[in-house]
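Take a look at the structure set out below.
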Amino acid sequence: MRSDGKFYDDKNFPRGFNRSGVFTIGEASILENYGRTMSALQEGKLTPIDESEKQFVAEISGQQEIYSDFGKCWRKYQTQTGSKVRSYTLCVSQRKSSRSYEEESDDVEVDTDIDY
């Protein structure tokens with residue numbers, strides 16, 4: 001596969017592919033060196049010129065199963081940059097209060113000596 005220069009994705013991986021914690025060193029190297037070519041091949045801006053590029057196009061288009069390192073790496077990149085589902089957790093504290101309602105009512109003094 002040909003290399004069209006370094007590929008960066010500052011939007012999704014601002015610290016680089018190596019430091020993202022998502023890709024292995026080998027995958028990060030493939031993305032940096034061949035990412036522009038893989039992107040252009042997927043979008044149809046480039047036509048495949050050798051067997052590895054033809055295989056890559058066939059893999060990402062679904063014509064054959066992905067087994068090349070380029071295809072696996074690009075699929076992983078696509079999965080990581082696709083729509084991300086955000087999940088939120090609601091935490092509720094189940095602490096018991098130090099005093100119950102009955103205890104509070106016992107503290108109130110009631111004046112029973114009322115003169116009418």
Side-chain angles (χ1 to χ4, degrees):
M1 183 161 304
R2 60 189 152 175
S3 177
D4 286 340
K6 295 286 185 184
F7 175 66
Y8 301 103
D9 184 353
D10 291 334
K11 178 183 174 192
N12 295 302
F13 301 100
R15 298 184 66 203
F17 300 117
N18 284 330
R19 294 184 178 176
S20 68
V22 174
F23 302 102
T24 64
I25 294 170
E27 291 169 339
S29 177
I30 288 173
L31 284 173
E32 287 177 5
N33 294 317
Y34 304 104
R36 284 184 178 204
T37 302
M38 291 188 288
S39 177
L41 285 169
Q42 181 183 17
E43 294 172 3
K45 294 179 181 178
L46 284 179
T47 55
I49 59 171
D50 63 4
E51 191 57 38
S52 66
E53 290 182 2
K54 290 176 186 176
Q55 179 182 343
F56 174 77
V57 171
E59 289 175 351
I60 60 169
S61 65
Q63 295 174 356
Q64 75 182 55
E65 193 169 332
I66 297 175
Y67 62 90
S68 72
D69 291 338
F70 293 113
K72 289 177 185 177
C73 185
W74 190 251
R75 180 62 51 146
K76 187 174 182 179
Y77 170 76
Q78 295 255 303
T79 302
Q80 293 296 320
T81 59
S83 60
K84 296 182 179 176
V85 178
R86 294 186 180 181
S87 62
Y88 298 95
T89 304
L90 180 62
C91 296
V92 178
S93 175
Q94 295 294 328
R95 287 185 269 159
K96 292 184 177 182
S97 65
S98 62
R99 299 176 65 181
S100 67
Y101 180 73
E102 290 82 24
E103 291 175 350
E104 289 179 11
S105 63
D106 291 342
D107 292 343
V108 179
E109 293 183 25
V110 179
D111 186 13
T112 56
D113 298 330
I114 300 177
D115 296 331
Y116 290 103

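Just the heavy atoms: all of them, side chains too, but no hydrogens, waters or symmetry mates, feed the values below. Position 1 is the first residue of the sequence, and the numbers go up from there.
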Looking at Arg36 and Ser3, would you say the former's side chain and the latter's main chain have a donor-acceptor pair under 3.5 Å? no
With rounding to the nearest 0.5 angstrom, report the NZ to OG1 distance, Lys11 to Thr81. 9.0 Å
So if you build clusters from Ile, Leu, Val, Met, Phe, Trp, Tyr with side-chain heavy-atom gaps below 4.5 Å, do Phe70 and Ile66 land together? no
Roughly how far, to the nearest 0.5 Å, is CH2 of Trp74 from OG1 of Thr37? 9.5 Å
Nearest 0.5 Å, please: how far is CD1 in Ile60 from OG in Ser39? 9.0 Å
Straight-line distance of Asp4 CG to Met38 CE, nearest 0.5 Å: 11.0 Å
So, for Glu53 and Pro48, which heavy atoms are closest and what is the spacing to 0.1 Å? OE1-CA, 3.4 Å
If you take the centroid of each ring, where Trp contributes its six-membered ring, are Tyr77 and Phe7 closer together than 6.0 Å? yes
CD/Glu32 to OH/Tyr8 distance, rounded to the nearest 0.5 angstrom? 6.0 Å
Show the nearest heavy-atom pair for residues Leu41 and Thr47, with the distance to one decimal. CD2-C, 4.0 Å
Expected output: side-chain Gln80 to main-chain Val22 donor-acceptor under 3.5 Å: no
Using the six-membered ring wherever Trp is involved, compare the ring planes of Phe17 and Phe23 and label them parallel, tilted or perpendicular (cut-offs 30° and 60°). perpendicular
Has Arg19 got more than 12 heavy atoms of other residues, nucleotides or ligands less than 6.0 Å from its CZ? no
Please report the interatomic distance CG(Asn18) to OG1(Thr24), rounded to the nearest 0.5 Å. 9.0 Å
Indicate the atoms forming the closest heavy-atom contact of Ser61 with Val57, along with that distance. OG-O, 2.8 Å
Donor-acceptor pair between Gln55 and Glu51 side chains, under 3.5 angstrom: no
Is Tyr34 linked to Leu46 within one hydrophobic cluster, defined over Ile, Leu, Val, Met, Phe, Trp and Tyr using a side-chain heavy-atom separation of less than 4.5 Å? yes
Any donor-acceptor pair under 3.5 Å linking the side chain of Thr79 with the backbone of Arg75? yes
